[in-house]
**Student:** 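First the structure, then my questions, so here it is.
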Amino acid sequence: MSPAMAARSELLRPAFDEASPSLGRFVINPHSCSYRRWHMFLIMLVLYSAWASPFDLSMEKAASIALVVTDLVVDVFFAIDIALSFFVAYHDTSTGLLITDCRKTTMRYLKRPCFALDVASMIPLQIIYQLVTGKRQGLWGLLNLLRLWRLRRVSKLFARVEKDIRFNYLWTRLIKLLCVTLFALHFAACIYLWMAFNYKIKELTWIGNQIHSFEDRSVWFCYTCAVYWSITTLATVGYGDLHATNIGEMLFSIAFMLFNMGLTSYIIGNITNLVVRETSNTFKMRDMVQRVSEFVSMNRLPEAMREHMLASVQLRFRTDEQLQQEMLSELPKAVRSGIMKHLFKSAVESCYLFQGVSDSLIVQLVAEMKAEFFPPKANVILENETSTDCYIIISGEVEALTTLADGTERHVKRIGPQGMAGEIRVMFSIPQPFTIRSRRLTQVVRISHIHLLQAVQPNTADGYIVFSNFIQYLESLKVQTKDVAFVSDHLWNGNSMVLERATEVAVDESKEASHKMLPCKEPKRVVIHEQLPNATSTALHPSPGKLVLLPDSMQELMKLSEQKFGKAVRGILTVEGAEVEDIEVIRDGDHLFFS
């Protein structure tokens, strides 16, 4: 299966867990809980086989009735799994669909190479050889290593766990690398022991050269010496106390050291990748901070502005704002709208401007909102700025400031959660009257002017409510700022008060929205003619036409022509001779000719 199809199957597994497809009577769902428990039980048996198979090969004298019986019981369980594999449903690699046909599942398993290897690893060939010949295993004992084919199940388990977000990816990879290393040490140690026990001259072996009559020592003593030499070879330490003394041991040591080079490179590469992956975000943040510092120094910006820039950059990485936006942009629009609705719908409903509006308007607004974070003392909006966005405060707090004639700033009001900032600019289409600055870490959602109008205009009743709420807010703002002389002069200037302007805007916008909601429209008038004038005609319209109202469809226009001229109509032409195919392209006052 290709990596893409494998990933697709992994993503589909939760759906199969919740609702299994309709299966045949004898077909097994690979995603069912019972089959997964059976699979995990086999994993435990695989771990036993990975330790026992090389150990049985190297330590024939350690073989006992209990060990032989245990191996046979394990083989029986894997024989049962072979029988079950004929009835396990599978995913088609071309379509990704779950194939539940019993005949197809059986033929697929029979045709795969893993069937022959599963059968070979299940048959106790070394025991059969001993029973038939009555001899020691010798080279035939290597057939016992066919059981290591079962390790592919452990590889598949790690591949599945790495995709499961419930498990930490770093620790999963480290455990996998540790398991590979331990198995390599165990396997090499067992091969070293097998070579020593099966060599004719025991003193010319790696262990016999140092320990005489080692075959009479305990099993675990010999195994410990073998593991010691295996790990010193793997770590390339080479103390020299144990070394190869015959050609067979030398050849295996060469192969083992070549394998160690690849394994070491694999481990170092994986750990490096994991460390870089864990610290990549930190490196990006440090690089961005360095670029900001260089930009500030190059342009000689004030220290306060430098602090604001650095605080914004650090907050952006600390809150993963960029990653969140990238993740949301990859999702389908319906899913993205559902997420934004869950996060911000209650905050928008509590905002004064949208209190009492319909639920459909709230959903339209929330679907296109964008969340942003601002660090303390960061400017959200600047006074006299021509920004076309308004903001709803989700958490934190901002303050509205105005600049006096002497250049000093004066506090106007505080805006807390569910409050709004920047809406005066959006409603009036004037420069921002206040500077909006965060007092602490603040999260806001941004609404663009265009999106707000697109959502409000088709909803006449909601438009009245929005502008009514805004007018009431302006009246309360007038009361709150009556003691601030500059603000009063700036917003409520004599006879042309902003409140009156807001009322006019509300009425105009409501009328415009009502006009757009009306299904009727002014009809077009066209002149229809019986036929198109020929090239020799001196007049543009040799025959007088008939002035009619343009119908709503081409069929109705042709029927009207047949009624006026008493002839069947096959097509409609313009003055230039072009054939008309859509009623919408006809303009008011056009001359039409019928053929």
**Student:** May I ask you to say whether Glu409 pairs ionically with Arg437, meaning some side-chain N is under 4.0 Å from a carboxylate O?
**Tutor:**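 The answer is yes: the pair qualifies as a salt bridge.
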**Student:** When rounded to the nearest 0.5 angstrom, what distance separates CD1 in Ile528 from CG in Leu560?
**Tutor:**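 Between atom CD1 of Ile528 and atom CG of Leu560 there are 5.0 Å.
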**Student:** Look at the aromatic rings of His31 and His91 and report parallel, tilted or perpendicular, splitting at 30° and 60°.
**Tutor:**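 His31 and His91: tilted rings.
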**Student:** So that I can tick it off, tell me whether Lys559 and Glu556 are bridged by a salt bridge, with the cut-off set at under 4.0 angstrom between side-chain N and carboxylate O.
**Tutor:**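 Judged by the 4.0 Å cut-off on N to carboxylate O distance, Glu556 and Lys559 do not form a salt bridge.
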**Student:** Please determine whether a side-chain nitrogen of the Lys or Arg among Lys413 and Glu399 lies less than 4.0 Å from a carboxylate oxygen of the Asp or Glu.
**Tutor:**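 The answer is no: the pair does not qualify as a salt bridge.
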**Student:** Quiz question: by atom type and distance under 3.5 Å, do the side chains of Glu383 and Thr403 form a donor-acceptor pair?
**Tutor:**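 Per modelled atom types, Glu383 and Thr403 side chains form a pair under 3.5 Å.
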**Student:** Only one of Leu573, Asp590, Val585 passes side-chain contact (heavy atoms from CB on, under 4.5 Å) with Val580; say which it is.
**Tutor:**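 In the set Leu573, Asp590, Val585, the residue that makes a side-chain contact (heavy atoms from CB on, under 4.5 Å) with Val580 is Val585.
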**Student:** Report the distance from atom CD1 of Ile447 to atom CD1 of Ile450, rounding to the nearest 0.5 Å.
**Tutor:**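 Rounded to the nearest 0.5 Å, the CD1-CD1 separation comes out at 14.0 Å.
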**Student:** Verify, without hydrogens or angle tests, whether Asn270 (side chain) and Arg173 (backbone) share a donor-acceptor contact under 3.5 angstrom.
**Tutor:**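 No, Asn270 side chain to Arg173 backbone: no donor-acceptor pair under 3.5 Å.
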**Student:** Could you tell me whether Arg291 and Asp287 make a salt bridge, using a distance below 4.0 angstrom between a side-chain N and a carboxylate O?
**Tutor:**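 Looking at Asp287 together with Arg291, the answer is yes, because their closest N to O distance falls below 4.0 Å.
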**Student:** What's the separation between atom NE2 in His529 and atom CZ in Phe593, rounded to the nearest 0.5 Å?
**Tutor:**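 Answer rounded to 0.5 Å: 4.5 Å.
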**Student:** Test side chain to side chain donor-acceptor pair (under 3.5 Å) on Ser358 and Asp462; report intermediate values, then the result.
**Tutor:** CA-CA 7 Å; Ser358 64; Asp462 290 335; 2.5 Å; yes
**Student:** Going by heavy atoms in the side chains, are Lys345 and Ile362 under 4.5 Å from each other?
**Tutor:**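 The answer is yes, as the side chains (C-beta and beyond) meet within the 4.5 Å cut-off.
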**Student:** List the atom of Phe158, the atom of Thr172, and the distance in Å for their closest heavy-atom pair.
**Tutor:**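 The answer is CE2-O, 4.0 Å.
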**Student:** Contact between Phe470 and Leu353 at the side-chain level, heavy atoms closer than 4.5 Å - yes or no?
**Tutor:**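 Yes, at least one pair of side-chain atoms sits under 4.5 Å.
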**Student:** Do Lys370 and Val445 come within less than 4.5 Å of each other through their side chains, counting heavy atoms only?
**Tutor:**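 When only atoms from C-beta onward are counted, Val445 and Lys370 do not touch, as no gap falls below 4.5 Å.
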